[in-house]
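See structure below.
Since we're looking at a predicted model, the values are computed, not measured. Order of the sequence lines sets the chain letters (A, B, ...), proteins ahead of strands, with each chain counted from 1.
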Amino acid sequence: MSRSLLDLSPPSESHLKILDVIRRIPKGRVATYGQVAELAGLPGRARLVGHILRNNPMAANVPWHRVINAAGKISVRSGEGPQMQRRRLRAEGVTFTAPGKVNLDRHLWRR
DNA sequence: GCGGTGACGGTCG
DNA sequence: CCGACCGCCACCG
């Protein structure tokens, strides 16, 4: 079978650090890609966070749905991703100001 | 091994 | 709100 992304990717340190930060996002709160990257000690690498979530679909034990972009919107593109993300956030009590747009003033993770 | 390409972003106008 | 530009880098040819 052709496996290009997942199977061959060895868990790099940055990789693990990012996932670790995401695990710390409290329930009912959200964090931006840039914020996650920064907390992981990787300032300026917001896109790396996106890449990782993209290549780690399941992201087991990782509340991937709590990661959104700086505009408060859901960035997930693939298939049902967006819907599922919105659903999960709502289930945690996260409110939206518009379809797919999280109320950052209320739920952005402050640290 | 090297370079082009595009990305789950961010920022500014 | 939307679009253009920017910067950083993993992926693939």
Side-chain angles (χ1 to χ4, degrees):
Chain A
M1 301 161 19
S2 67
R3 77 214 68 130
S4 31
L5 298 164
L6 304 179
D7 337 72
L8 293 180
S9 320
S12 72
E13 196 177 310
S14 304
H15 205 283
L16 298 176
K17 260 204 150 185
I18 287 174
L19 293 178
D20 188 55
V21 169
I22 296 177
R23 270 185 214 112
R24 291 183 217 148
I25 304 173
K27 183 182 178 189
R29 300 267 195 94
V30 297
T32 68
Y33 292 90
Q35 191 180 1
V36 171
E38 195 167 282
L39 289 175
L42 301 165
R45 299 212 213 158
R47 281 185 118 151
L48 177 62
V49 177
H51 273 286
I52 291 176
L53 291 180
R54 184 182 202 271
N55 297 323
N56 287 284
M58 67 229 81
N61 311 344
V62 177
W64 58 271
H65 59 283
R66 294 177 190 152
V67 183
I68 60 182
N69 65 35
K73 292 185 194 166
I74 288 175
S75 292
V76 178
R77 300 180 180 183
S78 41
E80 309 234 330
Q83 270 188 77
M84 178 170 15
Q85 182 165 20
R86 201 171 83 165
R87 226 165 135 291
R88 290 194 174 212
L89 288 174
R90 280 201 172 185
E92 299 185 348
V94 173
T95 59
F96 295 74
T97 58
K101 181 161 187 210
V102 173
N103 185 337
L104 285 183
D105 292 328
R106 229 152 99 176
H107 304 103
L108 181 64
W109 182 28
R110 330 258 178 182
R111 252 191 111 246

How close do [X] and [Y] get, heavy atom to heavy atom, and via which atoms?
X: Leu104(A); Y: Ala70(A); result: CD1-O, 3.5 Å
X: Val36(A); Y: Ala31(A); result: CG2-CB, 4.0 Å
X: Tyr33(A); Y: Ser75(A); result: OH-CB, 3.6 Å

Item to complete: Output, in order, the C-alpha distance, side-chain angles, deciding distance and verdict of side chain to side chain donor-acceptor pair (under 3.5 Å) for His107(A) and Glu92(A).
Response: CA-CA 11 Å; His107(A) 304 103; Glu92(A) 299 185 348; over 6 Å; no
Item to complete: Measure from the side-chain heavy atoms of Arg45(A) and tell me the nearest of dC1(C), dC8(C), dG9(B).
Response: dC8(C)
Worksheet entry | Closest nucleotide among dG9(B), dC1(C), dA7(B) to the Lys101(A) side chain |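 Taking heavy atoms from C-beta onward, the closest nucleotide is dC1(C).
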Can you tell me how far [atom2] of [N] sits from [atom1] of [X], to the nearest Å?
X: Lys73(A); N: dT11(B); atom1: NZ; atom2: P; answer: 15 Å
X: Leu53(A); N: dG9(B); atom1: CG; atom2: P; answer: 10 Å
X: Glu13(A); N: dA10(C); atom1: CD; atom2: C1'; answer: 18 Å
X: Ile52(A); N: dA7(B); atom1: CD1; atom2: P; answer: 17 Å
X: Arg54(A); N: dG6(B); atom1: CZ; atom2: P; answer: 13 Å
X: Arg66(A); N: dC8(B); atom1: CZ; atom2: C1'; answer: 18 Å
X: Glu80(A); N: dC8(B); atom1: CD; atom2: P; answer: 18 Å
X: Glu38(A); N: dG10(B); atom1: CD; atom2: P; answer: 11 Å

Discussion item. Is the shortest side-chain heavy-atom distance between Leu108(A) and Thr32(A) below 4.5 Å?
Written reply: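 Yes - at least one pair of side-chain heavy atoms lies under 4.5 Å apart.
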Discussion item. Contact between Arg86(A) and Pro99(A) at the side-chain level, heavy atoms closer than 4.5 Å - yes or no?
Written reply: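 Arg86(A) vs Pro99(A): side chains touch.
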Response to the item:
Read 5' to 3' with Watson-Crick or G-U pairs under 3.5 Å, [ ] for crossing pairs and | for partners on another strand, DNA chain B gives .|||||..|||||
Discussion item. Can you list, in residue-number order, the parts of residues 22-37 of chain A that come under 4.0 Å of DNA chain B, counting heavy atoms only?
Written reply: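 Listed by number, they are Thr32(A), Tyr33(A), Gly34(A).
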Discussion item. If you count every heavy atom of other residues, nucleotides or ligands that lies below 6.0 Å from Arg23(A) atom CZ, does the total exceed 12?
Written reply: yes
Atom pairs under 3.5 Å, N or O on each side, protein against nucleotides 2-5 of chain B: can you list them with distances?
none

Discussion item. Is Asn69(A) close enough to dT11(B) that one of its side-chain N or O atoms is under 4.0 Å from OP1 or OP2 there?
Written reply: no
Discussion item. dG7(C), OP1 or OP2 - any side-chain N/O from Arg47(A) closer than 4.0 Å?
Written reply: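 It does not, given that no N or O in the side chain of Arg47(A) lies less than 4.0 Å from OP1 or OP2 of dG7(C).
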Worksheet item: Does the side-chain contact (heavy atoms from CB on, under 4.5 Å) test come out yes or no for Ile68(A) and Gln85(A), once each step is laid out?
Response: CA-CA 9 Å; Ile68(A) 60 182; Gln85(A) 182 165 20; 3.8 Å; yes
Practice prompt. Examine distances only and state if a side-chain atom of Arg66(A) and a backbone atom of Ile25(A) form a donor-acceptor pair shorter than 3.5 Å.
Written response: yes
Practice prompt. Look only at the side chain of Asn55(A) and the backbone of His51(A), and say whether a donor-acceptor pair between them is shorter than 3.5 Å.
Written response: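 Side chain of Asn55(A) to backbone of His51(A): a pair is present.
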Discussion item. Both Gly44(A) and Ala98(A) contact DNA chain C. Which one's nearest nucleotide lies toward the 5' end?
Written reply: Ala98(A)
Fill in: Common cluster, Met84(A)/Leu53(A), ILVMFWY with side-chain heavy-atom separation under 4.5 Å
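Same cluster: Met84(A) reaches Leu53(A) through Ile, Leu, Val, Met, Phe, Trp or Tyr contacts under 4.5 Å.
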Discussion item. Evaluate Lys17(A) against Val21(A) for side-chain contact (heavy atoms from CB on, under 4.5 Å), listing each step before the verdict.
Written reply: CA-CA 6 Å; Lys17(A) 260 204 150 185; Val21(A) 169; 5.7 Å; no
